[in-house]
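In what follows, a single structure is set out as structure tokens and then discussed.
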Amino acid sequence: MAEAIISAVSEVADKENFKEVKSVLVLVGELQQVDREVLKFAITQLRPDKLAKTRFIIRVVRASFTCKACGHKWPFRESVLQDWVKEAIHFVPEVAHAYIRCPVCGSPDFEISGGRGVWIAGIRGER
Amino acid sequence: MAEAIISAVSEVADKENFKEVKSVLVLVGELQQVDREVLKFAITQLRPDKLAKTRFIIRVVRASFTCKACGHKWPFRESVLQDWVKEAIHFVPEVAHAYIRCPVCGSPDFEISGGRGVWIAGIRGER
Amino acid sequence: MFDPRISIIDDRLSTIDRVIAVVSGKGGVGKSVIASTLALLLAKEGFKVGLLDVDFTSPTTHVVLNASGLQPIEDKGIVPPEIHGIKYMSLVFYLGNTISPLRGTELTNILLEILAYTCWGRLDILIIDMPPGISDLMLDMLKYVKRAGYLIVTTPSKMSFETVRKLIMLLKGLGAQIIGVVENMLMSGSTEYIRREVEALRERYLGGIHYDTSLEESLGNVEELLKTGFALELKSILQNIIM
Amino acid sequence: MFDPRISIIDDRLSTIDRVIAVVSGKGGVGKSVIASTLALLLAKEGFKVGLLDVDFTSPTTHVVLNASGLQPIEDKGIVPPEIHGIKYMSLVFYLGNTISPLRGTELTNILLEILAYTCWGRLDILIIDMPPGISDLMLDMLKYVKRAGYLIVTTPSKMSFETVRKLIMLLKGLGAQIIGVVENMLMSGSTEYIRREVEALRERYLGGIHYDTSLEESLGNVEELLKTGFALELKSILQNIIM
Ligand SMILES: Nc1ncnc2c1ncn2[C@@H]1O[C@H](COP(=O)(O)OP(=O)(O)O)[C@@H](O)[C@H]1O
Ligand SMILES: Nc1ncnc2c1ncn2[C@@H]1O[C@H](COP(=O)(O)OP(=O)(O)O)[C@@H](O)[C@H]1O
Ligand SMILES: [Mg+2]
Ligand SMILES: [Mg+2]
Ligand SMILES: [Mg+2]
Ligand SMILES: [Mg+2]
Ligand code: NI
Ligand code: NI
Ligand SMILES: [Zn+2]
Ligand SMILES: [Zn+2]
């Protein structure tokens with residue numbers, strides 16, 4: 001994941017002709033179950049010289065589901081899940097559809113309405 | 001289509017406990033190729049007593065496409081299409097994917113980013 | 001924002017006594033030939049029947065019925081054309097021979113459009129031919145056509161039942177009405193494998209249909225099709241269940 | 001907002017010499033047995049080969065390979081487990097026997113996730129087993145894996161070729177690389193119908209594979225599978241093309 005972030009930031013920096021990238025805001029979905037410190041460390045290890053001074057701000061976005069069958073919204077509570085299920089959802093959040101059902105109507109037809117994926121929400125730099 | 005609108009408006013009016021529905025704003029996608037006057041007339045003919053005094057405002061929303069392969073956006077120009085294709089798109093706008101390609105990259109993988117469907121964008125009433 | 005199509009679907013379907021979706025999850029098991037032939041058999045028995053092909057990216061029922069060149073009529077909605085006594089609706093009417101690759105959100109839109117604007121009139125039975133996969137259209141059927149009963153098709157293969165089992169579990173979990181399971185394309189003797197698996201899931205095994213070498217040639221020729229062993233076996237299986 | 005997965009996909013696939021997607025549009029034509037058996041044949045010939053099952057709602061290659069109980073390892077990404085000399089990746093590792101109905105937007109997300117985080121290492125060939133239908137995953141392959149070559153599978157049936165023709169037209173229109181068409185499940189003699197149709201589209205007819213009654217029993221037993229007439233015919237068809 002750290003590679004993906006660095007490669008995306010470098011790409012944007014090139015496109016925007018940044019001499020220096022000041023800071024990057026990274027949003028990480030809770031379902032990704034990434035440890036912020038570990039991710040920060042990985043980025044520090046892997047970044048090229050060009051990003052040596054960049055500040056990486058990492059924010060975790062809470063996960064929630066919205067049922068497409070009945071409209072009910074509910075938050076993700078990983079405490080109820082078994083370890084191997086957590087592990088699976090950690091890798092591909094969409095497999096939640098195999099293990100979680102809407103608490104109101106029982107449907108597996110829900111949307112992961114937040115808390116999935118990694119997004120670069122902002123890049124500030126100097127030209 | 002007029003039936004669908006009336007049935008939806010009646011449903012909302014009941015839910016909201018409206019004594020009287022003042023006005024309804026209906027957005028009609030250009031791809032629907034509905035004649036505004038014809039639709040207005042059909043609504044007038046079909047509406048139940050409860051909606052006798054309601055003003056129906058009908059607005060046509062211009063159609064545009066966004067390519068998912070290359071990101072290009074372009075407007076719908078029906079003039080280039082044959083009559084039977086227009087007729088088909090009139091019934092189900094999605095069949096545009098069979099006849100239209102992105103003018104930049106040739107992909108059929110575009111989104112109808114506006115101009116499809118009928119939406120009730122607002123209902124004003126008195127309780 | 002409020003989509004008026006959704007509130008009209010129940011209305012549109014209210015003149016139909018029974019809705020039967022032919023499903024599998026798996027492709028190539030015979031859903032489309034079974035759905036089409038079932039519609040033909042019902043029409044011949046005097047039922048008022050409709051057939052809706054919902055496999056929008058790869059429709060095939062028009063090949064079975066030889067229904068090219070048909071066109072629906074627009075009159076306060078869409079009136080499906082009649083062929084061999086069946087009210088028939090397919091996206092092919094609007095696609096011709098071109099390809100329409102469609103994403104899931106688009107498939108949902110098309111389904112809503114067709115359900116909201118097709119005027120079936122009085123029908124005893126509407127047969128819906130479903131696409132393979134357990135994706136948007138399956139979820140949309142469960143959401144928008146709650147009344148549907150599901151006729152499940154499998155082949156004798158474990159590859160096929162691997163997917164069918166999952167579909168059955170999904171339908172059961174949601175309390176959908178399962179009519180039963182048809183085992184299609186039996187080669188020589190039945191292995192009893194599918195019957196046992198279906199009964200273990202506490203669903204109804206309806207019977208088997210043999211692989212019929214004369215079926216392929218009869219596609220598009222309805223008279224011939226109804227004379228095949230395939231059609232006769234399908235009829236005897238569903239005689240007391242649907243007809 | 002910018003999705004970092006997309007910019008890493010080319011990187012991840014850069015250690016792979018050739019990507020081959022087994023497609024049809026139609027279901028049940030043998031895509032999954034062909035994709036799995038091709039991977040086995042290549043591994044036996046000494047190629048470094050990977051197999052990715054992209055039929056996320058109804059995966060089946062694990063049945064052919066008897067690959068239950070495998071688990072990938074997480075190490076700066078996902079390292080696919082090896083089975084019968086194949087680096088193998090399937091959503092089944094995370095689903096077990098449960099069902100995961102998934103909408104198109106979710107299928108896209110899963111594909112991106114797997115392409116961005118799977119570490120294949122050095123491979124001669126990556127085989128991708130595609131789902132039926134011409135929907136999200138087909139469009140996503142065209143969008144995100146531009147290098148893929150397409151191996152198209154059909155049966156001798158016009159029902160099947162009805163869909164395959166449309167897929168070929170789509171791929172041609174986009175300038176995608178078409179390896180050729182395999183005709184699977186020939187019953188007795190070939191009808192020449194498919195060969196003629198394929199050549200009329202100016203694509204390559206690669207050859208036919210007969211219906212093999214011993215195939216079903218061999219599924220899950222790799223030694224037996226490689227001895228079937230099915231595997232031998234597949235090998236002789238693809239010998240000079242892929243191997
Ligand atoms: N009982 C049978 N005997 C012979 N061929 C069959 C039989 N059932 C189906 N087929 C053939 O199998 C292929 C797949 O059938 P189809 O109805 O298209 O499946 P699906 O709709 O499930 O994808 C077609 O070529 C069809 O003619
Ligand atoms: N040449 C063949 N002879 C006999 N059975 C076959 C042959 N090819 C495929 N099959 C069987 O047909 C069914 C469908 O094959 P599968 O690979 O699952 O198709 P797809 O992936 O295209 O849906 C399986 O039961 C498979 O074992
Ligand atoms: Mg992940
Ligand atoms: Mg319309
Ligand atoms: Mg079908
Ligand atoms: Mg398959
Ligand atoms: Ni991780
Ligand atoms: Ni109209
Ligand atoms: Zn719900
Ligand atoms: Zn484009």
Side-chain angles (χ1 to χ4, degrees), chain A residues 4 8 11 27-32 61-121, chain C residues 1-7 9-10 13 19 21 23-26 54 103-113 115-116 128 130-148 150 152 162-178 201:
Chain A
E11 211 170 89
L27 302 180
V28 180
E30 171 186 22
L31 289 176
Q32 234 66 25
V61 181
R62 291 273 146 254
S64 65
F65 301 119
T66 306
C67 180
K68 290 200 173 186
C70 79
H72 181 66
K73 275 175 210 251
W74 72 101
F76 176 61
R77 265 188 237 90
E78 67 158 31
S79 54
V80 300
L81 297 174
Q82 286 179 280
D83 276 352
W84 67 278
V85 174
K86 271 186 235 173
E87 193 48 51
I89 295 179
H90 158 82
F91 174 50
V92 185
E94 277 67 29
V95 303
H97 290 89
Y99 304 106
I100 294 174
R101 294 285 177 266
C102 168
V104 168
C105 78
S107 173
D109 185 15
F110 53 80
E111 203 176 59
I112 302 180
S113 40
R116 103 161 295 302
V118 184
W119 295 93
I120 293 169
Chain C
M1 297 284 252
F2 193 87
D3 188 338
R5 293 176 300 185
I6 290 163
S7 65
I9 289 176
D10 284 342
L13 299 181
V19 179
V23 287
S24 172
K26 182 77 184 152
V54 157
R103 287 185 178 268
T105 47
E106 293 156 350
L107 297 174
T108 297
N109 256 324
I110 296 173
L111 182 72
L112 289 176
E113 203 76 29
L115 289 177
I128 301 184
M130 295 285 289
I134 303 171
S135 195
D136 300 82
L137 286 170
M138 189 69 230
L139 292 168
D140 289 330
M141 279 293 296
L142 290 165
K143 179 172 174 185
Y144 298 115
V145 192
K146 295 222 166 59
R147 316 161 39 194
Y150 292 88
I152 298 172
E162 171 87 3
T163 299
V164 169
R165 181 202 314 279
K166 292 174 182 171
L167 178 64
I168 294 177
M169 279 156 54
L170 173 71
L171 293 173
K172 282 174 88 81
L174 291 172
Q177 187 211 327
I178 297 177
L201 291 168

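Only this structure's heavy atoms are used, side chains among them; waters, hydrogens and symmetry mates stay out. Sequence lines set the chain letters: A, B, ... in the order given, protein chains first and strands last, and positions in each chain run from 1.
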| task | May I ask you to say whether A:E94 pairs ionically with A:R116, meaning some side-chain N is under 4.0 Å from a carboxylate O? | result | yes
| Got a donor-acceptor contact below 3.5 angstrom from the A:E30 side chain to the A:A63 backbone? | yes
| message | Restricting to ring-ring contact (aromatic ring centres under 6.0 Å, His included), what partner residues turn up for A:W74, sequence neighbours left out? | response |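 Scan of A:W74 (ring-ring contact (aromatic ring centres under 6.0 Å, His included), adjacent residues dropped) gives A:F65, A:H72, A:F110.
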| Part of residues 137-145 of chain C lying next to chain A, heavy-atom separation under 4.5 Å | C:L139, C:K143
| field | Nearest atoms (heavy-atom pairs only) where C:V19 meets C:I128 | value |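 Closest approach of C:V19 to C:I128: CG1-CD1, 3.8 Å.
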| query | Taking only residues two or more places apart in sequence or in another chain, which ones pass side chain to side chain donor-acceptor pair (under 3.5 Å) with C:R147? | reply | none
| remark: Residues passing the side chain to side chain contact (heavy atoms under 4.5 Å, CB included) test with A:S64, sequence neighbours excluded, are A:S113
